[in-house]
Number of protein chains: 2
Amino acid sequence: MTIFNFSAGPAVLPRPVLEQAQAELIDWHGSGMSVMEMSHRGPEFQSIIDEALADLRELMNIPSNYQILFLQGGAQGQFSAVPLNLIGATGKADYVNTGHWSTLAMKEAARFGQVNEVCSSADSRFDHIPAFSEWKLSKDASYVHYTPNETVGGLEFQWVPEVGDVPLVADMSSNILSREIDVSKFGLIYAGAQKNIGPSGLTLVIVRDDLIGKSLPITPVTYDYKKYADAGSMYNTPSTYGIYLAGLVFKWLKAQGGVAAMEAINVEKSNLLYHYLNDCGGFYYSPIAEADRSRMNVVFRLKDEALDAAFLKESKAAGLLQLKGHKIAGGMRASIYNAMPVEGVQALLSFMKDFAQRNG
Amino acid sequence: MTIFNFSAGPAVLPRPVLEQAQAELIDWHGSGMSVMEMSHRGPEFQSIIDEALADLRELMNIPSNYQILFLQGGAQGQFSAVPLNLIGATGKADYVNTGHWSTLAMKEAARFGQVNEVCSSADSRFDHIPAFSEWKLSKDASYVHYTPNETVGGLEFQWVPEVGDVPLVADMSSNILSREIDVSKFGLIYAGAQKNIGPSGLTLVIVRDDLIGKSLPITPVTYDYKKYADAGSMYNTPSTYGIYLAGLVFKWLKAQGGVAAMEAINVEKSNLLYHYLNDCGGFYYSPIAEADRSRMNVVFRLKDEALDAAFLKESKAAGLLQLKGHKIAGGMRASIYNAMPVEGVQALLSFMKDFAQRNG
């Protein structure tokens, strides 16, 4: 039976990447060492990280005045690191609240400075992204933070906020590399690796040069961007195997045609599901406003929640894994990151139709 | 040619561990998923972390009033996390300075409270561990921090400091699981994984219950022990693949007879090298006081430094990798952690003898 894994993260990785990692696990390129056994100061690992950095810069068209850092601690580590490094400019920051993750980011930042909630759709259970015209941006924010894709709620910005000269900071954990973006519109982009990049334990930060070197005095050394920028991400021992795997994913993305090609496939995959949710006559439905539905995390519910358990049990038996929604959201969630093939979405769609027919 | 890898970390892993990881990489136990692709909230990964925790508790005989936490950020992350979590008790901490790593730990702690240097052998280039009778312990320290094994300098405590009721904190990054210790003598033990535990990017903390929950208000959430203790190390997504590999290493250690059996082998391995350094007539020498020499990191020098380059080139050609000393220490360093077999040390010894004969 073919297995399709819809986990929200850690999530499915491209099969060719896993196969290459398996083949090279014990002896990398005749070095006699596993990548896991290499000194991060040696020429073998240096070549691995150099290639990963160059490939990512090419894939995302990252301008030369941006540094790429590989850190640890996940996006939640960055919930602290971002204010610790950036909020010192004015002591204040603007946060856009569109769901679970932006709420957590905002709460953590409030421990290190004054935080202004620019907008919130909490009153309607985060079922939409507030229109930009309703946002109350500050005049003196050190930065504006938002979450382009809410993994739990299943919302995604189809647009980039225009915030003028204030640095725009984005938690792209769950949609980085899934769609084309203009990096120059951002001051800082961060992402946990475990959705579209590689294994958990690796954290990516892309940060503009002028925002580096302004950390608060209480910043732990491992969260100080300048230390890592100055040391090519090797201020201390990084997640070497994570960087290696990310590098394999970047090569795979290039072989698929890059980010533009992935975006076209991601539009196709998400449309397959959303069109059916619109047209299925109400057996299933999306709780999210149509314009703000995520291409990465397709959240849906069964009208009759009593059928949830059967849906999950039968879908698992059919090889469709980890479809249960986040505990705070309920319902179902199909996470369909870059590594999920169209065939996986088609298999899910067939199962959904069949289940609806049998239970409708 | 058989390869032996003497890297100080990331370091050699047990061959059976790598072979099992390779066999299971694409499909773990028939789950249809790589461990890297599993949700950390699912039953499969829960069983992996539960077994790893139980095996480590058994291996180190960790009392039930100690929590085992898997974090991120390496030992340098703990250089901040330890004071952020513990120094609040009195605002002061004692630091024992025996080399590169204890110096860095002390410097970082001084950013979060008042630090007292208990003793230092910096004046003699850290060639020995100051006698306990010379230590100037404070009366009101929140904790006493020391580094049982200095990876760069090649010093190791063969004794545990008796500091009374003040919690003893140890950076065991490079000698954890290599010798028997009585955990109940410590308030907190931490270790980066990349020497005796698993791959880099995983950090182990063993902390006594009464020291949890006292963090400073400026502690980033990902460095707050209480958050991780309350969530079974899964406050956020941990380094799942790192925990899986650590679990395989723990199983391998149990199969070898546990920590006591490893200690006997480690004594044998280090004695092979140190006895030769003492008896070789001065061609090579150890810069470290005999009582304080590390079983894990055998630092040695050639009397004629002009031969260093030839030694490194020829040893590499003989399959003996990564013998160069740390850049701040110079000379050579053979890191012989648990996963280095006796045969590797014998091969190094043979090479050293042959090289000395040809160049002496």
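Protein chains get the first letters and strands the later ones, always in sequence-line order, with residue 1 at the start of each. Worth knowing before you read on, the calculation uses all heavy atoms, side chains too, and leaves out hydrogens, waters and symmetry mates.
Interface remark: A/L25 contributes backbone and side-chain atoms alike to the contact with chain B (heavy atom separation under 4.5 Å). Using a 4.5 Å cut-off between heavy atoms, A/S39 contacts chain B through both its backbone and its side chain. Residue B/L71 does not touch chain A at all, counting heavy-atom pairs closer than 4.5 Å. Looking at A/T2, neither its backbone nor its side chain comes within 4.5 Å of chain B, counting heavy atoms on both sides. Within the 4.5 angstrom heavy-atom criterion, atoms from both the backbone and the side chain of A/S239 approach chain B. With a 4.5 Å cut-off on non-hydrogen atoms, A/R15 touches chain B through its side chain but not through its backbone. With a threshold of 4.5 angstrom between heavy atoms, A/Q22 approaches chain B through its backbone and through its side chain. Using a 4.5 Å cut-off between heavy atoms, A/L321 contacts chain B through its side chain alone, with no backbone atom that close. Residue A/S200 touches chain B through both its backbone and its side chain, counting heavy-atom pairs closer than 4.5 Å. The part of A/A23 that comes within reach of chain B is its backbone (N, CA, C, O), which places non-hydrogen atoms under 4.5 angstrom from that chain. Both the backbone and the side chain of A/M36 come within contact range of chain B, each with at least one heavy atom under 4.5 Å from a heavy atom of that chain. Of the atoms belonging to A/Q76, heavy atoms from both backbone and side chain fall under 4.5 Å from chain B.
Comparing B/G77, B/S80, B/A11, B/P199 by heavy-atom pairs within less than 4.5 Å of chain A, the highest count is held by B/A11. In terms of heavy-atom pairs under 4.5 Å with chain B, the best-connected choice from A/Q72, A/E37, A/M1 is A/E37. Interface check for chain B: of the options A/F45, A/Y241, A/F79, the most heavy-atom pairs under 4.5 Å are formed by A/Y241. In terms of heavy-atom pairs under 4.5 angstrom with chain A, the leader among B/L84, B/I3, B/V12 is B/V12. Highest contact tally toward chain B, considering only A/P220, A/G32, A/G242, is held by A/P220 [criterion: heavy-atom pairs under 4.5 Å].
Summarising the geometry, atom CG belonging to A/L216 is positioned 9.5 Å from atom CD1 belonging to B/I218; distances are rounded to the nearest 0.5 Å. Note that the OG atom of A/S7 and the NE2 atom of B/H40 stand 8.5 Å from one another [nearest 0.5 Å].
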List the steps, then state whether side-chain contact (heavy atoms from CB on, under 4.5 Å) holds for A/Q322 with B/M33. CA-CA 11 Å; A/Q322 311 208 48; B/M33 296 181 280; 2.9 Å; yes
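In this structure, a donor-acceptor pair under 3.5 Å is present between the side chains of A/T222 and B/Y223.
In this structure the side chain of A/S34 never reaches within 4.5 angstrom of the side chain of B/L13, judged on heavy atoms.
Taking each heavy atom of A/T237 and B/P10 in turn, the nearest pair found is CG2-CD, 3.6 Å.
Remark: the backbone N or O of B/V221 is paired with a side-chain donor or acceptor of A/E108 at under 3.5 angstrom.
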